[in-house]
Amino acid sequence: MKEIKIKKNCFKISCIGAGYVGGPTMAVIADKCPHIQVYVLDLNKNRIKDWNSENPKDFPVFEPGLEEIILRTRGKNLFFTTDIEENISDSDMVFLSVNTPTKTSGIGSGRASDLRWIEKCARQVADASNGHTIVIEKSTLPVRTASTIKTILNSPSKKEDNKGKSFAVLSNPEFLAEGTAINDLENPDRVLIGGEDEKAIETLAGIYKNWVDDKKIIRTNLWSSELSKLTANAFLAQRITSINSVAAICEATGADVNEVSLAIGTDTRIGNKFLKSGPGFGGSCFKKDILNLVYLCRFFGLENISNYWESVVNLNSWNQNRITEIVVNKLFGTLAEKKIVLLGFAFKANTNDTRESSAITISKNLLIEGADLKIHDPQVSEKQISIELEKVLNNEVNTSFESEFSKFSFEKVDDIYDAFIDADAIIVVTEWEEYSKLDWEKISRLMRHPAWVFDTRSIVNKEEVLKTNINLWNIGIG
Ligand code: NAD
Ligand code: UGA
């Protein structure tokens, strides 16, 4: 087995990709391992500028607890930079933490992962590295991507550049959830390392062992590790879809989904987590990772299994769309000239991330129905809301709403109570804590009646709403 030599006096890690995973993950490693130099690299100059900002409000990722960590490590052993090649060249370990979205054209369009960014990274490492480098898949990837990465690493653009270079490739998927990323990284349920090179595996395990018990570090082969990440997300998403399907049955029968969740969740074989019904799962990963699994199953000729997983994504879309149908029905079949307040735009609370948020689908549907939309979110910027809605509405305009784009009426509001003036309905889409503490007496005086609140997260104070003359619809209850 090759001896791993540390290239500088100090062990140096680089991470390509300064996003939702690269930023927080590297910040926690730097915090827990002051003896390691950690460089977070990105080709997006603005992202790096924002990570280096003096004002933590500019950081590109909002996560509770992240700001404090960055402020105590940045400039000491944590650095954000666009100098990619230079930092790869003397790194002992390079994490690949770039985006792996669903392909939007060509073979596998709509299902397969677009691996162009991961391939580019592998080429960057192949060309810029020196000596022995441990390359770590942190991105979520299709099974057997490590084989592609190895091939690229061993084929630098110029053959003579290969001299003295060697690589070990590991899979180390990330299981953090947004909004709880720091706690998830500091106290992980497990750390998963897949690989063949034991020395490399133990070098990576050695980093985690600075704060994670060795018993929680699972070592597997490469393909099991890659597949475990896709499987974990597929299981979690499937559970949400299951409870959302039960919510619809509850609404039809008079059962209460929260009571059903409690009743089944106390069975230790089922467990009580991820049983909260809602508007449908969002976030950048569940949908894309299941679709990736769907694609892989089809690729390997497993058509029935592929259909099984695809149904989870289809049912989730159905759930997102049914919220609008309920709102339209309750508001006498038309939203034209009605003011609707959407509470929350992030895909879940405690994050500023809007990727695949159910709020996007719900907003689009409401706008197509002619609603005048006021959107509130404590962390998502007006610009981000506009970007998401223009993207999704432009698709609609192109397909069926020619030249009507200007008719869509939406704006972000900062003063939540101002937004309620003359509103016909309020829809709670994200479970921000502040929405559980609203003054319904005051809101009732501000709204136009008959007024409705649609709670897709079961977080509003029902007793307080019921004391007013506002009508309440609650997911999984009706
Ligand atoms: P992201 O889009 O927030 O960040 C990716 C970053 O990589 C971007 O800033 C982009 O500019 C940069 N990048 C792309 N190619 C580059 C290159 N060649 N050189 C330098 N920089 C480059 O993505 P993310 O949410 O951090 O996700 C990254 C990966 O982690 C994905 O595979 C995702 O599935 C996985 N993952 C995400 C989460 C999550 O909560 N977001 C959790 C677990 C795993
Ligand atoms: C998820 C997984 O939980 C992480 O383990 C994984 O690392 C990550 O995806 C990833 O690979 O990107 P994340 O998407 O950040 O994390 O957030 P979750 O807490 O899983 O929530 C996903 C969606 O499901 C949100 O829209 C949330 O509101 C919804 N959800 C979650 C429910 O509707 N009900 C629940 O009980 C739980």
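Order of listing sets the numbers, starting from 1, for every ligand and every atom in it.
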Inset, instruction - With heavy atoms only and a cut-off of under 4.0 Å, state how Asn99 meets ligand 1: side chain, backbone, both or neither. - result: both

Legend entry - Side-chain donor-acceptor contact under 3.5 Å, Lys165 with Asn130: no

Inset, instruction - Name the option, out of Leu41, Ile88, Thr140, that contains the heavy atom nearest to atom 35 (C) of ligand 1. - result: Thr140

Legend entry - N/O separation below 3.5 Å, Ser97 to ligand 1: no

Legend entry - Polar proximity ligand 1 side, Glu178 side, N/O cut 3.5 Å exclusive: yes

Legend entry - Proximity winner for atom 10 (C) of ligand 1, if only heavy atoms of Asn44, Leu96, Asp42 are counted: Asp42

Inset, instruction - Any atoms of ligand 1 less than 4.0 Å from a non-hydrogen atom of Thr100? List them with their elements. - result: 31 (C), 32 (O), 34 (O)

Inset, instruction - Could you tell me whether a side-chain N or O of Asn319 sits under 3.5 Å from a main-chain N or O of Gly278, the two making a donor and an acceptor? - result: yes

Legend entry - Side-chain (Thr81) to main-chain (Asp83) donor-acceptor, under 3.5 angstrom: yes

Inset, instruction - Can you figure out which of Thr25, Val61, Val98 has its heavy atom closest to atom 22 (C) of ligand 1? - result: Val98

Inset, instruction - Mind checking whether Leu141 contacts ligand 1 via backbone (N, CA, C, O), side chain (CB onward), both or neither, at a 4.0 Å heavy-atom cut-off? - result: neither

Inset, instruction - Could you tell me the separation between the OG atom of Ser14 and the CD1 atom of Ile136, rounded to the nearest 0.5 Å? - result: 11.0 Å

Inset, instruction - Go through the side-chain N and O atoms of Tyr435 and Asn461 and say whether any donor and acceptor fall under 3.5 Å apart. - result: no

Inset, instruction - Check ligand 1 against Arg355 and write out every atom of the ligand that is under 4.0 Å from a heavy-atom position of the residue. - result: 1 (P), 2 (O), 3 (O), 23 (O), 25 (O), 41 (N)

Legend entry - Of the listed options Gln124, Arg123, Arg47, closest to atom 4 (O) of ligand 1 (non-hydrogen atoms): Arg47

Inset, instruction - Could you check Tyr308 against Gln238 for side chain to side chain donor-acceptor pair (under 3.5 Å), going step by step and ending with a plain yes or no? - result: CA-CA 10 Å; Tyr308 168 70; Gln238 177 207 45; 2.3 Å; yes

Legend entry - Which of the ligand 1 atoms, numbered from 1, are nearer than 4.0 Å to a heavy atom of Ile84: 19 (N), 20 (C)

Inset, instruction - Using only heavy-atom distances, determine whether the side chains of Ser224 and Asn221 contain a donor-acceptor pair under 3.5 Å. - result: yes

Inset, instruction - For the pair Ser277 (side chain) and Asn244 (backbone), establish whether a donor and an acceptor sit closer than 3.5 Å, ignoring hydrogens and angles. - result: no

Inset, instruction - First locate atom NZ of Lys49, then atom CG of Asp42, and finally report the distance between them rounded to the nearest 0.5 Å. - result: 13.5 Å

For each nitrogen or oxygen atom of ligand 2, which protein N/O atoms lie closer than 3.5 Å, and how far apart are they, rounded to 0.1 Å?
unit_1, atom_1, unit_2, atom_2, d
ligand 2, 5 (O), Phe175, O, 2.7
ligand 2, 7 (O), Glu174, O, 3.4
ligand 2, 7 (O), Phe175, O, 3.2
ligand 2, 7 (O), Leu176, O, 2.7
ligand 2, 7 (O), Lys229, NZ, 2.9
ligand 2, 11 (O), Lys229, NZ, 2.8
ligand 2, 11 (O), Asn233, ND2, 2.8
ligand 2, 15 (O), Glu178, N, 2.7
ligand 2, 17 (O), Lys348, NZ, 3.2
ligand 2, 19 (O), Lys348, NZ, 2.8
ligand 2, 26 (O), Gly282, N, 2.9
ligand 2, 26 (O), Phe347, O, 2.8
ligand 2, 28 (O), Arg457, NH1, 2.7
ligand 2, 28 (O), Arg457, NH2, 3.2
ligand 2, 34 (N), Lys276, O, 2.7
ligand 2, 36 (O), Leu275, N, 3.4
ligand 2, 36 (O), Lys276, N, 3.0

